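Some notes on the structure that comes next.
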Amino acid sequence: MPVLLVALLALALAFFALLDGWYLVRVPCAVLRARLLQPRVRDLLAEQRFPGRVLPSDLDLLLHMNNARYLREADVARAAHLTRCGVLGALRELGGHTVLAASCARYRRSLRLLEPFDVRTRLLGWDDRAFYLEARFVSLRDDFVCALLRFRQHVLGTSPESVVLHLCKRRVESPELPEDLQHWITYNMASSQLLCAESGLRNVNKDQ
């Protein structure tokens, strides 16, 4: 029994040390909770809230929440969001999947140790290849937006239009994307073209 216990502890340590165990546990748990324990969100454009709190493991050397942690928390919240509004289920039924193609973050004020916050995620719109989402990190102490993140969620195997049609049972046009988001999309296209040119590639239709 002690040998088995030691082996299990060693396996657990390896899981967390080598495979980023907390992330691999939290995302499936968030998806299962959204699917089984939370009500379905019928409005694709509705904002959803995912609670969080700054833990000691989230801190950087200045005792602020590490900038990489914002992306991780947004990743977990986004998975729950896409589950509750049915997008992940629709993708599975249509034989498609989604990958993160681009993201950007704007940090406005630090989140500190044990500070409670919400990640408020919403779908901004879509085009022929991707969904565009926003995540706001809002401090629950004073409702201040501490960080604003944007994401381009690329759809593979089907299309955003097909996903929305599958969910809404009718064709729905995307809302007009915010002006700043359109500038970001233009920047991503220019960056992709520049990188392709540097690599000697032409007519590349896939985002990198």
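All values derive from a computational prediction rather than experimental measurement.
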* Asked: In Å and rounded to the nearest 0.5 Å, what is the CZ to CD distance from Phe117 to Glu115?
  -> 9.0 Å
* Same cluster or not: are Val41 and Leu133 linked, directly or through other Ile, Leu, Val, Met, Phe, Trp or Tyr residues, by side-chain heavy atoms under 4.5 angstrom apart? -> no
* Asked: What closest approach, in Å, do Gly86 and Leu167 show between heavy atoms, and which atom pair accounts for it?
  -> O-CD2, 3.5 Å
* Asked: Heavy-atom distance under 4.5 Å between the side chains of Arg109 and Ser139, does that happen here?
  -> yes
* **Closest approach of Ala34 to Ala80 (non-hydrogen atoms, all atoms of both residues)** => CB-O, 3.7 Å
* Asked: Does atom CZ of Arg33 have more than 12 heavy-atom neighbours from other groups under 6.0 Å away?
  -> no
* Tell me whether Phe137 is reachable from Val145 by hopping between hydrophobic residues (I, L, V, M, F, W, Y) whose side-chain heavy atoms are closer than 4.5 Å. => no
* To do: Could you note down all residue pairs passing salt bridge (charged side-chain N to carboxylate O under 4.0 Å, His left out) where residues 54-74 supplies at least one of them, sequence neighbours left out?
  => Asp20-Arg72, Arg26-Glu73, Asp58-Arg69
* Any side-chain heavy atom of Asn66 within less than 4.5 Å of one from Leu59? -> no
* Dump the intermediate steps for side-chain contact (heavy atoms from CB on, under 4.5 Å) on Trp22 and Val27, then the final yes or no. => CA-CA 9 Å; Trp22 279 124; Val27 172; over 6 Å; no
* To do: Would you mind reporting whether Trp126 and Val155 have side-chain heavy atoms less than 4.5 Å apart?
  => no
* **Minimal non-hydrogen separation, Leu123 against Tyr132, with atom names** => CD1-O, 3.3 Å
* Okay, side chain of Ser110, backbone of His64: is any donor-acceptor separation there less than 3.5 Å? -> no
* **Hydrophobic cluster identity match, Leu156 and Leu91, side-chain contacts under 4.5 Å** => no
* Can you check whether Gln182's main-chain N or O pairs, donor with acceptor, with Thr186's side chain at less than 3.5 Å? -> yes
* Asked: Do Arg136 and Asp143 sit within salt-bridge range, that is, some charged N less than 4.0 Å from a carboxylate O?
  -> no
* To do: Any chance you could measure Leu177, atom CG, to His183, atom NE2, to the nearest 0.5 Å?
  => 12.0 Å
* **salt bridge (charged side-chain N to carboxylate O under 4.0 Å, His left out): pairs with one or both residues in residues 90-106, sequence neighbours excluded** => none
* To do: Check the pair Arg42 / Cys85 against side-chain contact (heavy atoms from CB on, under 4.5 Å), numbers first and verdict last.
  => CA-CA 6 Å; Arg42 299 292 176 181; Cys85 66; over 6 Å; no
* To do: May I have the step-by-step check of side-chain contact (heavy atoms from CB on, under 4.5 Å) for Arg112 and Met65, ending in yes or no?
  => CA-CA 6 Å; Arg112 298 184 178 274; Met65 185 155 138; over 6 Å; no
* To do: Determine yes or no for a side-chain-to-main-chain donor-acceptor pair under 3.5 angstrom, with Ser191 supplying the side chain and Tyr187 the backbone.
  => no
* Asked: Could you state the interatomic distance from CG (Leu165) to CZ (Arg170), rounded to the nearest 0.5 Å?
  -> 10.0 Å
* Asked: Within the side chain of Ser192, is there an N or O that forms a donor-acceptor pair under 3.5 Å with the backbone of Asn188?
  -> no
* Are Ile185 and Leu124 linked, directly or through other ILVMFWY residues, by side chains that come within less than 4.5 angstrom of each other? -> yes
* Structure fact -> Output for pair (Glu176 CD, Leu181 CG), nearest 0.5 Å, gives 11.0 Å
* To do: Kindly give the heavy-atom pair with the smallest separation between Leu100 and Ser103, and that separation in Å.
  => CD2-CB, 4.4 Å
* Atom pair CG (Leu148) and CZ (Arg108), whose distance is rounded to the nearest 0.5 Å -> 8.0 Å
* Structure fact -> CZ of Arg35 to CD of Gln38, rounded to nearest 0.5 Å, is 12.5 Å
* To do: Locate the shortest heavy-atom distance separating Val119 from Ala74; write the atom from each residue and the value.
  => CG1-CA, 4.3 Å
* Distance-minimising heavy-atom pair for Gly96 and Thr158 -> CA-CG2, 4.1 Å
* To do: Would you verify whether the NZ or CZ of Arg78 falls within 45 degrees of the ring axis of Phe151 while also being under 6.0 Å from that six-membered ring's centre?
  => yes
* **Hphob cluster co-occupancy, Leu149 + Val99, side-chain heavy atoms under 4.5 angstrom** => no
* Side chains of Glu161 and Ser174 in contact at under 4.5 Å (non-hydrogen atoms) -> no
* Asked: Would a distance-only check, ignoring hydrogens and angles, find a side-chain to backbone donor-acceptor pair under 3.5 Å from Tyr107 to Asn67?
  -> yes
Side-chain donor-acceptor pairs of residues 44-56 under 3.5 Å, sequence neighbours excluded:
residue	atom	partner	partner atom	Å
Gln48	NE2	His81	O	3.3
Gln48	NE2	His81	ND1	3.3
Arg53	NH1	Leu114	O	2.7

* side-chain contact (heavy atoms from CB on, under 4.5 Å) between Val138 and Phe144, intermediate numbers included -> CA-CA 5 Å; Val138 181; Phe144 188 83; over 6 Å; no
